[in-house]
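Okay, structure first, notes after.
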Amino acid sequence: MSDSVDTEDQAAAGGGFINYIPRILWERKWFVIVPFVLLSIAGIVTAFVLPRIYRSSATLLVESQELPSALVTSPINTIIDQRIAKIREQVLSRGDLIQLIEQNNLYEKERRSKPLSSIVTSMQESTKLEAVSGDLGGGGPSGGTNTIAFTMSYDYSDPAKAQAVMQSFVSRFLEIDATTMAAQANNTVDFLQDQAGKLTGEINRIEGQITSIKARNGTALATGGMVMPANTGTYSAQIAQLQSENRQLMAQVQRSGGKDPLVQQAESALVAARAVFAESHPDVVRAKARLQQAKEIAASQGTGSDNSLVQSQIQANNAQIAQLQQYRASDEARAAAGMAAQSRAPVLQEEVSQLEARASTLRDQLREVSGNVLRAQNSARMAQEQKGERLSVVDPPSAPDKPVSPNRLLLIGGGIAGGLGLGLVLALALEFLLRPIRGVAQIQSLGLEPLALVPTFVADLPPGGKPRRRFFRLPALRRRRRAAGEPQGAL
């Protein structure tokens, strides 16, 4: 044997833990081998036992509206991400998924042992929806989004059924998006038209109130509260004149006694002659003859004609007087009403002004709402013609030709790596728990000093030979030491 000392063994005698790792692993090799073998076998079995899962996917592109937004606004005012999230909840609702499961006979084995709610939850978890951002570094608009597309996928063990379900999802997405946009546009039009109708009715009601107030208080409002007094002097003068004329006519009738003027004159002449002469005097006789002659003439002409004319004139005057009195009373009543309304004129004017101001405000609102109705109708037409922001399929669902799971290489590699790692952890954990003394440093850490160190001698290497690694050399060294009866460590 050579007298040269193996420096590697001397360093190990120093107690460095890293230098003892090969010896530790060799002594506790079964703690490494058993987990390594078990987990490797488990990974291999799992890789080949798990069912294959195929993924069918599709891409939906978010297309902008064709018309400029300055001319026609989109009826959809929500962010595309929120809109897609709402549609997703509708597509993946319990009722729709149950219908798809029954139509495509999905999860046939699971339905025999699991409740339908659990299967629906599994189907929802197997469906993924992810946004594709178009951010190139400049950032999106404030409060906006950079989403330009969405990818949707569904995982199932049968590739044909996965494609069929994915096609149903895509069709449902497009249908809900189109109907939602059209419905929202139509609801906006209906709401604005209803609002315009209410404003029109309110304006008509206020205008009716203004017309009614002006009709009832037209004089007071027209004169601004200044009411002209009643002009009754003219009527009174005319009435007095007619009454005076009637009195004269009545006096004339009373003086005539209702006789003819010729007869009255002949009677007056007879009375005058009798006052001077006797009855037999020729003047009295001639007066009597003229009286007789006047009576005959009056009788031949009709004595009541003049009286009837006078009475007719009096009646006409009385009728005119009654009409003038009626006019005067009406004028006085109108003047009284005007005086009564004079005190209410400021209040009426203020009320009319407030109503007109309210009507003017409502007219402005009606013009604005009418413009909104026109824009909403344009938006509804754009939605019906599919010219607004919408979803389109750029990558339709296809039948997958390769499964996405299980990943056999990953499972096998994971089992091997996990078994090896678990074995190393167990071996090192047991070393730290038992804490065997493997070097001088451990003895010194207990407060003791070793009496001497026994070096380990090895045979010289043959010419051109290379030393083997310590990990593989330790068992051979041990066997040689036991055979030679040499000490195995520090004293």
Side-chain angles (χ1 to χ4, degrees), residues 1-51 53 122 125 404-462 465-491:
M1 298 180 64
S2 172
D3 294 337
S4 63
V5 179
D6 188 351
T7 57
E8 190 173 346
D9 288 344
Q10 289 180 353
F17 178 76
I18 297 177
N19 296 327
Y20 290 105
I21 288 179
R23 180 181 297 177
I24 294 172
L25 295 179
W26 176 255
E27 292 178 356
R28 311 190 190 283
K29 55 182 175 298
W30 294 111
F31 288 94
V32 178
I33 295 174
V34 172
F36 172 76
V37 173
L38 292 177
L39 290 184
S40 298
I41 294 174
I44 295 172
V45 171
T46 303
F48 288 94
V49 169
L50 286 179
I53 301 298
S122 299
E125 293 175 353
V404 293
S405 67
N407 191 335
R408 293 179 176 177
L409 293 179
L410 180 61
L411 290 176
I412 295 173
I416 295 174
L420 182 61
L422 179 60
L424 293 175
V425 171
L426 289 177
L428 295 178
L430 187 62
E431 178 72 16
F432 280 108
L433 288 176
L434 299 179
R435 301 183 65 84
I437 297 174
R438 295 186 179 278
V440 177
Q442 289 179 309
I443 297 176
Q444 291 177 346
S445 65
L446 297 176
L448 302 176
E449 289 293 336
L451 298 177
L453 295 178
V454 178
T456 300
F457 297 92
V458 296
D460 295 335
L461 294 175
K466 294 183 179 179
R468 291 180 295 176
R469 294 182 180 178
R470 183 177 180 83
F471 181 84
F472 300 102
R473 190 175 44 155
L474 286 176
L477 291 176
R478 269 188 169 183
R479 288 193 296 270
R480 287 198 297 270
R481 288 175 182 174
R482 289 195 189 102
E486 296 178 359
Q488 301 295 319
L491 298 178

Under 3.5 Å, sequence neighbours excluded: what are the donor-acceptor pairs made by side chains of residues 39-49?
| unit_1 | atom_1 | unit_2 | atom_2 | d |
| --- | --- | --- | --- | --- |
| Ser40 | OG | Phe36 | O | 2.6 |
| Thr46 | OG1 | Ala42 | O | 2.7 |

One should read off an interatomic distance between Leu38 CG and Ile33 CD1, to the nearest 0.5 angstrom, of 11.5 Å
Discussion item. Counting C-beta onward and ignoring hydrogens, is there a side-chain heavy-atom pair between Leu426 and Val32 closer than 4.5 Å?
Written reply: no
Between Trp30 and Pro35 the two heavy atoms that sit nearest each other are O-CD, 4.0 Å
Neighbour count above 12 (heavy atom, 6.0 Å) for Leu409 CG:
no
